[in-house]
Amino acid sequence: MRHIAIVGSGPAGYYTAEAALKQWGEDVRVDIFDTLPVPFGLIRSGVAPDHQSIKGVSRRYEATALTDNVRFVGNVMIGRDLTISELQALYDAVILATGAPNDRKLGIEGENLPNVFGSASFVGWYNGHPDFADLDPALSHDTAVIIGNGNVALDVARILAKSQAEFAGSDIVSHALTALDASKIRRIVILGRRGPHQIAMTPKELGELGHLERACPRVEAADLPDESEDATLEPGQRKSVGHLRSFAGTDQGECKPDQVRVEFDFFASPKAIIGTERAEEIEVERTRLDGDKAIGTGETYRIPAGLVVACIGYQTSKIPDVPFDERNGRFANEEGRISPGLYCVGWARRGPTGTIGTNRPDGFAIIEKVAEDIGEGTGKAGRPGFDALAAQRGINYMKFTDWQKIDEAEVANARDGSPREKFVAVEKMIAAASKP
Ligand code: NAP
């Protein structure tokens with residue numbers, strides 16, 4: 001028998017469990033730990049609330065979760081409730097699938113002013129993550145500035161630009177829906193430190209911005225390279241740049257006063273956020289490309305910015321005694337191996353890149369390595385050992401059946417047209433799970 005602990009119940013965690021079942025069938029027991037009482041990590045707290053079809057992938061994880069050989073162990077934090085070495089003493093392999101839940105820092109003056117947020121906290125706020133439910137961003141200013149040219153920047157711009165009607169069918173939490181309804185934001189500036197050919201936005205997501213009820217996306221035609229240069233791009237990127245070209249088209253006319261103007265400001269690198277009580281302006285330096293690199297030109301200008309959301313990527317959370325690669329913001333590893341018996345997978349292994357599906361081959365690859373390393377198993381205690389420790393320490397962990405009760409209550413609490421109203425406080429989740 002092999003005993004595997006997976007830390008993190010997001011896509012990387014569940015794909016790894018699926019791979020373990022495929023590899024060993026009845027000869028493995030997998031425990032999936034999560035700090036929250038609820039599973040699915042990024043699917044619940046990261047994927048945009050209006051992208052329900054992407055969230056639907058959790059049904060696949062549910063099939064894995066409901067097998068007898070895989071168990072969800074929620075509301076347990078490794079590094080707080082038990083140490084990594086205690087976990088390693090109980091399981092043949094410990095696989096960290098903890099994702100990258102922390103914001104990368106801009107490292108500029110004014111970053112800590114009120115109403116300046118990283119995307120982990122801002123997205124966590126509208127997605128109801130308990131750590132960010134009380135963020136209470138002020139949406140009372142005319143202009144919001146979003147930093148970064150990736151898909152998260154697009155998610156944030158879309159959520160800020162949408163009308164209330166466009167949230168029908170989404171599971172955006174009510175506190176965010178109410179705040180957005182009262183929002184005064186009518187101009188959203190998306191800053192890219194490089195140019196249109198260097199964006200990390202995918203065509204479907206960029207195209208979506210062009211079809212919103214009241215968003216008016218605009219690109220300065222002068223920022224676009226000559227159209228003939230698009231031929232050098234790979235097809236997806238070419239399609240994305242095609243959307244940017246349409247946002248620059250003269251046939252678009254001017255934005256109307258009741259629209260939300262979404263401006264792409266390319267070759268613009270943030271230098272400082274300025275304000276007294278809270279963010280008021282952002283200072284930006286014009287850049288030019290030197291090869292693929294952005295170089296500052298020394299020319300600066302300011303943009304009003306009552307709200308700033310930096311969508312510049314994420315870092316993995318450190319765990320005491322686990323070696324960390326500071327430069328890349330992930331665990332130090334060799335193809336997923338950290339040290340004997342300790343592994344990482346998904347964003348915790350490779351950093352925050354790729355789609356949800358990228359984590360599937362990652363999960364299968366790490367299980368191959370674990371199989372090479374642990375053979376028939378190393379005779380550790382596994383589940384019964386953890387249960388004994390949990391009883392001794394008073395760790396009241398949540399099972400998948402507890403999540404099913406929370407799920408049922410969230411679905412029952414949904415406003416009209418919404419799939420669920422999420423509990424945004426851990427105590428409320430636990431209370432829903434303990435109802436008969
Ligand atoms: P990302 O794709 O890595 O984009 C980060 C952006 O931030 C880049 O444009 C980068 O510019 C910029 N940036 C980094 N540091 C900066 C700085 N100091 N100043 C200014 N700009 C800076 O990251 P992400 O948007 O957080 O997305 C993470 C992953 O999730 C990606 O793989 C993404 O595709 C995926 N995702 C997918 C979806 C979807 O499919 N619907 C939705 C959300 C996220 P440079 O290129 O110049 O470094």
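We count ligands from 1, going down the list as the structure has it; atoms in each ligand are counted the same way.
Distance OH/Y343 to CG/N333: 12.0 Å, rounded to 0.5 Å.
Taking a 6.0 Å sphere around CD of E109, one finds it holds 12 or fewer heavy atoms contributed by other residues, nucleotides or ligands.
Note on ring orientation: taking the six-membered ring where Trp is involved, the planes of Y91 and F33 are perpendicular (angle over 60°, cut-offs 30° and 60°). Note on ring orientation: taking the six-membered ring where Trp is involved, the planes of W125 and H175 are parallel (angle under 30°, cut-offs 30° and 60°).
Residue pairs meeting the side chain to side chain donor-acceptor pair (under 3.5 Å) criterion with at least one member in residues 309-319, sequence neighbours excluded, are N102-S317, S119-Y314, K318-E326.
Ordered by chain and residue number, the residues placing a heavy atom less than 4.0 Å from ligand 1 are R104, I147, G148, N149, G150, N151, V152, D155, R193, R194, A200, E205, P270, C311, I312, G313, Y314, W347, P352, T353, G354.
If you run side-chain contact (heavy atoms from CB on, under 4.5 Å) between I367 and each of E372, Q23, K22, only Q23 comes through.
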